[in-house]
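Following: one structure in structure tokens, then a few remarks.
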There are 2 protein chains.
Amino acid sequence: MGLSDRKKKILQIVVDDYIQTAVPVSSKQITSKYLTDISSATVRSELSALEELGYLSQPHTSAGRVPSSKAYKLYVTELMQKDKKLTQSELDYIKSVFLQKADNIETVLKSATKVISELTSYTTLAVSSHEASDRLVNVKLFRVKQDSALLIILTDTKIFKDNFIELPADMTDDQLEETNNILAKFCQGKTIEEFCDTELELEDSFLGFKHIFLNVINALKEYIEQSECYTEGEDKILSHPEYADVVKIKEFLSVVTDKDKVFDLMSGEDKELKINVKVGSEGYDNIPDGCSLVSATYFAGGTKLGTYGVIGPERMDYQKVVAVIEHVGQIIESILKNR
Amino acid sequence: MGLSDRKKKILQIVVDDYIQTAVPVSSKQITSKYLTDISSATVRSELSALEELGYLSQPHTSAGRVPSSKAYKLYVTELMQKDKKLTQSELDYIKSVFLQKADNIETVLKSATKVISELTSYTTLAVSSHEASDRLVNVKLFRVKQDSALLIILTDTKIFKDNFIELPADMTDDQLEETNNILAKFCQGKTIEEFCDTELELEDSFLGFKHIFLNVINALKEYIEQSECYTEGEDKILSHPEYADVVKIKEFLSVVTDKDKVFDLMSGEDKELKINVKVGSEGYDNIPDGCSLVSATYFAGGTKLGTYGVIGPERMDYQKVVAVIEHVGQIIESILKNR
DNA sequence: GGTTAGCACTCAAAAGGTTAAAGTGCTAAC
DNA sequence: GTTAGCACTTTAACCTTTTGAGTGCTAACC
């Protein structure tokens with residue numbers, strides 16, 4: 001069911017114009033601004049056909065046409081210009097932010113969220129995932145009080161997490177060091193999953209400390225389940241005319257300000273570095289009604305770092321959003337490679 | 001300029017009623033619901049006098065009275081019933097949350113923010129402060145790669161922070177251990193401020209590592225400046241009728257979703273455990289127009305843990321908010337004391 | 001057969017007008 | 001000092017009219 005070239009062109013014009021203006025697009029608009037060589041009556045019959053096919057709709061009989069979800073989907077995959085370039089000042093801005101702040105993965109995630117939100121003018125979400133397949137670099141206990149230690153988990157992407165573990169009150173520093181040596185040997189080159197599955201064999205003299213190792217494993221399991229969640233620009237949605245209604249704002253904010261819901265939203269199946277676009281809420285029950293989500297998962301050296309997403313009205317500047325997310329992804333990857 | 005008892009009573013009724021209903025209070029309302037023994041005409045003249053004194057105003061001539069900021073201020077300090085008790089289920093809820101999650105200070109802060117927001121139905125903000133007067137328990141470097149180490153800072157309130165420090169490539173493990181011993185000795189019982197001011201005397205053989213110590217001090221100074229910021233229930237504001245207007249919502253959200261602004265808001269001068277109420281935006285230029293902020297700073301063993309605040313419309317249920325904040329503060333303190 | 005001018009038709013948004021209800025302030029009497 | 005009574009004010013709700021934008025259809029045109 002291929003659309004004729006002219007239909008595609010007209011559909012693209014309608015979507016482009018509507019994304020920019022938020023005003024239903026009329027046949028006259030199209031002929032005066034874009035297609036000056038054909039008459040509005042011709043366009044009108046094409047629009048009517050596109051409506052028949054489900055790509056457009058009218059808010060009311062005497063209004064212009066508005067794209068449907070189906071139109072946005074086609075727009076994203078086929079119609080829109082995909083190699084949109086960011087301006088030099090935007091590129092410079094991105095670079096400057098990441099040069100400054102790249103100390104640890106959390107900072108990078110936070111900065112990325114902020115940068116994306118700033119440049120796109122949409123709410124930006126991110127979750128940092130801790131995967132069972134993350135490779136461990138070291139696991140170490142660090143005594144705090146006589147009977148408790150801080151657990152440090154280091155993975156190859158330098159993400160790490162902290163947790164308190166109880167120690168037997170009579171454990172000596174030497175014994176703790178020995179424990180750390182055993183932990184270091186155990187985790188050598190293993191993924192978290194592999195570490196947790198390892199049957200640990202302790203010397204008899206160490207059996208009394210077995211529960212420490214079990215606690216470490218528990219902490220690792222907990223670590224996998226946890227994920228940090230970052231949000232920026234929750235207020236950005238208000239600049240868009242479709243959110244003039246308090247009820248809609250409420251619906252949007254109740255999702256975006258709830259970390260659990262954000263996590264649900266972002267924990268898609270996307271295993272590729274490719275950009276994922278979900279238009280409209282149909283089929284995706286987590287996305288607020290009438291919203292779209294553009295997301296990407298960033299990797300460094302095979303390890304999943306986290307997922308980013310821009311969420312906004314269906315009438316979203318997909319070109320810009322895709323360009324920004326793509327570029328930030330490249331920058332992050334190059335930063336993490338060089339360290 | 002003492003108000004007569006009757007004026008106070010009437011003012012209290014107006015504020016109470018308006019907080020509950022958000023509808024301008026009329027003289028008839030007052031006489032039929034609260035003061036059945038006097039006539040509405042009498043109340044009317046009192047209301048008129050209260051308006052003259054700046055405690056009340058009218059949205060328009062044929063409307064009831066609405067409290068002014070001045071009225072809310074008086075209400076908070078004098079008029080409102082202060083020993084409002086939480087219900088048993090509310091108390092149980094608070095207890096259950098904190099029993100479950102008290103692993104580290106960040107978790108406690110997050111839970112507290114959530115609990116307060118949930119129980120009050122207002123947006124809740126919190127910042128965890130790192131004070132120069134925090135007492136150090138230990139400072140330790142933990143090698144990650146040959147040339148970089150993770151810095152762990154432990155203070156007596158168990159808050160801690162992490163940061164990477166560069167090591168000379170040829171530094172041995174023994175030298176690192178020695179460095180840690182020196183750090184441990186140096187920080188013994190000192191506050192962060194004292195630690196940073198200490199003139200460190202190194203043995204000749206260790207002078208080559210002096211920059212490590214300087215970096216640690218820098219990290220500590222950075223640590224003091226940093227502060228985490230938690231927000232919950234940004235969407236709660238939308239339930240209140242005064243926020244039916246998108247412009248007002250925008251103003252509110254632009255403050256509440258901006259971590260820098262939240263920090264400004266919360267970094268008041270409050271050194272006491274007392275509850276601080278800022279009514280209306282006049283004089284406090286960070287608070288969004290027409291908002292009030294009820295905040296408290298929590299301490300544990302003399303160390304400032306962080307500041308909490310509930311922000312919402314001037315027409316806020318101060319009784320409830322104060323009661324919740326007070327109670328959560330007590331719970332946190334008792335938790336942190338028993339560990 | 002596609003394209004176009006012309007025109008009747010539809011609908012929403014804006015503007016204007018009317019009414020009803022709520023609440024006050026004032027006055028005169030108690 | 002308190003109260004009943006009444007005139008006055010103002011908003012909110014409702015209805016009506018007008019205006020303008022945009023379409024769909026038809027008949028003519030190439």
Side-chain angles (χ1 to χ4, degrees), chain A residues 2-11 13-15 17-18 20-68 71 241-242 244-246, chain B residues 2-11 13-15 17-18 20-68 71 241-242 244-246:
Chain A
L3 295 175
S4 73
D5 280 359
R6 193 170 69 181
K7 281 203 179 59
K8 279 188 187 170
K9 182 73 197 160
I10 289 175
L11 189 54
I13 289 170
V14 172
V15 177
D17 195 77
Y18 188 65
Q20 268 202 21
T21 63
V23 174
V25 186
S26 74
S27 56
K28 211 168 191 175
Q29 273 288 312
I30 295 175
T31 50
S32 67
K33 274 214 290 191
Y34 308 96
L35 300 177
T36 46
D37 51 343
I38 54 175
S39 84
S40 65
T42 312
V43 173
R44 222 147 41 230
S45 66
E46 292 284 57
L47 289 176
S48 178
L50 284 166
E51 181 165 2
E52 196 68 33
L53 292 165
Y55 290 103
L56 297 175
S57 71
Q58 287 180 285
H60 54 87
T61 4
S62 71
R65 296 309 203 292
V66 163
S68 67
E242 38 268 83
D245 178 16
V246 180
Chain B
L3 295 175
S4 72
D5 281 357
R6 193 170 70 182
K7 282 202 178 57
K8 280 188 188 169
K9 183 71 196 162
I10 289 176
L11 190 54
I13 288 170
V14 172
V15 177
D17 196 77
Y18 189 65
Q20 269 204 19
T21 64
V23 173
V25 187
S26 73
S27 56
K28 211 168 190 176
Q29 272 289 310
I30 295 175
T31 52
S32 66
K33 274 214 289 190
Y34 308 96
L35 300 176
T36 46
D37 50 342
I38 54 176
S39 83
S40 65
T42 313
V43 172
R44 225 148 38 230
S45 66
E46 293 283 59
L47 289 176
S48 181
L50 283 166
E51 180 165 3
E52 195 71 32
L53 292 166
Y55 290 103
L56 297 174
S57 71
Q58 286 180 285
H60 54 86
T61 6
S62 71
R65 298 308 205 291
V66 163
S68 67
E242 38 267 83
D245 177 17
V246 181

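Letters A, B, ... are given to chains in the order of the sequence lines, protein chains preceding strands, and every chain is numbered from 1. Computed over heavy atoms, backbone and side chain alike; hydrogens, waters and symmetry mates excluded.
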Tell me, with the steps shown, if Leu3(A) and Tyr55(A) meet side chain to side chain contact (heavy atoms under 4.5 Å, CB included). CA-CA 11 Å; Leu3(A) 295 175; Tyr55(A) 290 103; 3.9 Å; yes
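- Here the C1' atom of nucleotide dG2(C) and the CZ atom of Arg6(A) are 8 Å apart, to the nearest Å.
- Taking atom CD1 of residue Ile30(A) and atom C1' of nucleotide dT3(C), one finds them 16 Å apart after rounding to whole Å.
- Applying the salt bridge (charged side-chain N to carboxylate O under 4.0 Å, His left out) rule to pairs touching residues 23-43 of chain B yields Asp17(B)-Lys33(B), sequence neighbours excluded.
- Under the side chain to side chain contact (heavy atoms under 4.5 Å, CB included) criterion, Ala49(A) pairs with Lys7(A), sequence neighbours left out.
- In this structure, Ala71(B) and Pro67(B) approach most closely via the heavy-atom pair CB-CB, 3.9 Å.
- Here Thr61(B) pairs with nothing under the side chain to side chain contact (heavy atoms under 4.5 Å, CB included) rule; sequence neighbours left out.
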DNA chain C base-pair string [pairs: Watson-Crick or G-U under 3.5 Å; |: paired with another strand]: ||||||||||||||||||||||||||||||
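- What you find for Ser27(A) and Arg44(A) is that their closest heavy atoms are OG-NH1, 3.3 Å.
- A straight line from CD of Glu46(A) to C1' of dT3(C) spans 11 Å, rounded to a whole angstrom.
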One character per nucleotide, please: for nucleotides 15-23 of chain D, 5' to 3', B when the base has a protein heavy atom closer than 4.0 Å, S when only the sugar-phosphate does, - otherwise. ------BSB
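- Partner Leu47(A) forms a side chain to side chain contact (heavy atoms under 4.5 Å, CB included) with one of Ile10(A), Thr42(A), Leu11(A) and no other, that one being Ile10(A).
- Straight-line distance from the NE2 atom of His60(A) to the P atom of dA14(C): 11 Å, rounded to whole Å.
- In this structure, Glu52(B) places its CD atom 16 Å from P of dT24(C), rounding to the nearest Å.
- Counting to the nearest Å, the C1' atom of dC29(D) and the CD1 atom of Ile38(A) are 17 Å from each other.
- An OP1 or OP2 oxygen of dT4(C) is reached within less than 4.0 angstrom by a side-chain nitrogen or oxygen of Ser39(A).
- For Val246(B), the side chain to side chain contact (heavy atoms under 4.5 Å, CB included) test picks out Leu238(A), Ile249(A), with sequence neighbours left out.
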